[in-house]
Structures are given as structure tokens and as C-alpha cells.
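Please read the structure below before turning to the comments.
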Amino acid sequence: MRYCYLFCATCVVFALASPAGAVPQFQKAFQETYLKSLKDKKFAESMEKADVKCLICHQGKQKKNRNEFGKVVGKFLTKKDAKKEEKIAEGLKNALAMHVDPKDDKSPTYLERLESSQWPGGKLEDLKKDPPKKAGGDEGEKKE
């Protein structure tokens, strides 16, 4: 009987655990709409590799860490939008239209960065590193 309780408790823990920070539907829409249309096919293929594809929106090894582009995408999309194809398309379009430096209208947009064979969130070698810790341990992310 005690094993039954243990099994039930384990099931509850797994049911309540939040999913990983990445949303596969967002990634798929990004790949289909933007990566496949890039002129630099070699760069597009490099962005789809399993070990780096999450770095389009995330930074470091923990998917809770979003890079600058991921934070912008997070302003337009939440996990609740995962099954809303039109909302995903609109959110990605809006995020890519934003300027890398929101205070400088002359800075490139995330789409311009992508079209010039640059990662939208920054340099790949920087994206592979965990972001610096902020004072107080808060990653500055909104809870979804």
C-alpha cells in the first residue's frame, strides 16, 4: 500500500512540474518562416543544429535564461499561445521588427541581423555562456 502512495505522489509531482522554457511550436514557426527563407543557407543550417538551435531565444545551458531576442519574443508570446499559429506568426513578426537597441531607431532590427547572417540574440559564443547573475538572483524573467 505504501508503494501505491509513493507512485501517486510521483505522478502528482510530474503532473505539476512546469515544462521546459522552450516552446517547440515557436521554434518550428521560426524555422519554417524565417530560416528557410534566408539567402545564406549555410548559416540557416548552422542555426538548426541540435546543440545550438535553442540559442535563437535562450542563452546558456538553462532554458529559463532568455537572450535579448528571447526577451522580446516573450513580450509578444507566452506558452499559452503555443497552439495559436496566427498569434505565433504575428508575435515572431513583431519581435523581429524590433530594433536591437530599442532606444536607437537607427540600430538594426532583429530581422536585419538575421538576414545579415547574425544570430538575433547576439554572438553565438556569447549565447553559449550563461548570462551574468543579477543582484538578488532574479533572472528578470516574467513568470508564465
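Side chains are part of it too, since the values below use all heavy atoms of this structure and drop only hydrogens, waters and symmetry mates.
- E90 and K93 are not joined by a salt bridge, as no carboxylate oxygen comes within less than 4.0 angstrom of a charged side-chain nitrogen.
- Atoms OG and NZ, from S117 and K39 in turn, are 10.5 Å apart once rounded to the nearest 0.5 Å.
- In this structure the side chain of H99 never reaches within 4.5 angstrom of the side chain of D104, judged on heavy atoms.
- With hydrogens and angles disregarded, a donor-acceptor distance shorter than 3.5 Å links the side chain of R113 to the backbone of P120.
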*For side-chain contact (heavy atoms from CB on, under 4.5 Å), just list the numbers for F30 and I88, CA-CA rounded to whole Å, side-chain angles, deciding distance to a tenth of an Å, and then say yes or no.*
CA-CA 9 Å; F30 183 83; I88 294 170; over 6 Å; no

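- The CD atom of E86 sits 12.0 Å away from atom CG of D81, with the distance rounded to the nearest 0.5 Å.
- Closest approach of V100 to S107, counting heavy atoms only: N-OG, 3.7 Å.
- Taking the side chain as every heavy atom from C-beta outward, L35 and L114 approach each other to under 4.5 Å.
- We find the NZ-CG distance between K61 and D130 to be 7.0 Å, quoted to the nearest 0.5 Å.
- V72 is not listed as a side-chain neighbour of R66, based on a closest heavy-atom distance of 4.5 Å or more.
- Between K63 and C54 the shortest heavy-atom distance is CE-CB, 3.5 Å.
- A distance of 13.0 Å separates CG in D101 from OG1 in T109, rounded to the nearest 0.5 Å.
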*In sequence, state the C-alpha distance, the side-chain angles, and the governing distance for M47 and I56, and then conclude on side-chain contact (heavy atoms from CB on, under 4.5 Å).*
CA-CA 8 Å; M47 290 185 78; I56 293 169; 3.6 Å; yes

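- Note: H58 NE2 to K71 NZ = 12.0 Å, rounded to the nearest 0.5 Å.
- Counting heavy atoms from C-beta outward, L92 and T33 have side chains that stay 4.5 Å or more apart.
- Using a distance-only test at 3.5 Å, with no hydrogens or angles considered, a donor-acceptor pair links the side chain of Q59 to the main chain of K129.
- Within the model, atoms CG of L77 and CG of N94 stand 8.5 Å from one another, a figure rounded to the nearest 0.5 Å.
- In plain terms, the two heavy atoms of Y34 and L111 that are nearest each other are CD2-CD1, 4.0 Å.
- Taking the six-membered ring where the residue is Trp, F69 and Y110 present tilted rings, their angle falling between 30° and 60°.
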_Apply side-chain contact (heavy atoms from CB on, under 4.5 Å) to residues K28 and E85 and explain how you reach the verdict._
CA-CA 11 Å; K28 182 179 178 188; E85 290 182 22; over 6 Å; no

*Any chance you could lay out the side-chain contact (heavy atoms from CB on, under 4.5 Å) test for W119 and D126, step after step, and finish with the verdict?*
CA-CA 10 Å; W119 286 73; D126 294 335; over 6 Å; no

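- Put simply, the side chain of K36 never gets that close to the backbone of K41: no donor and acceptor are under 3.5 Å apart.
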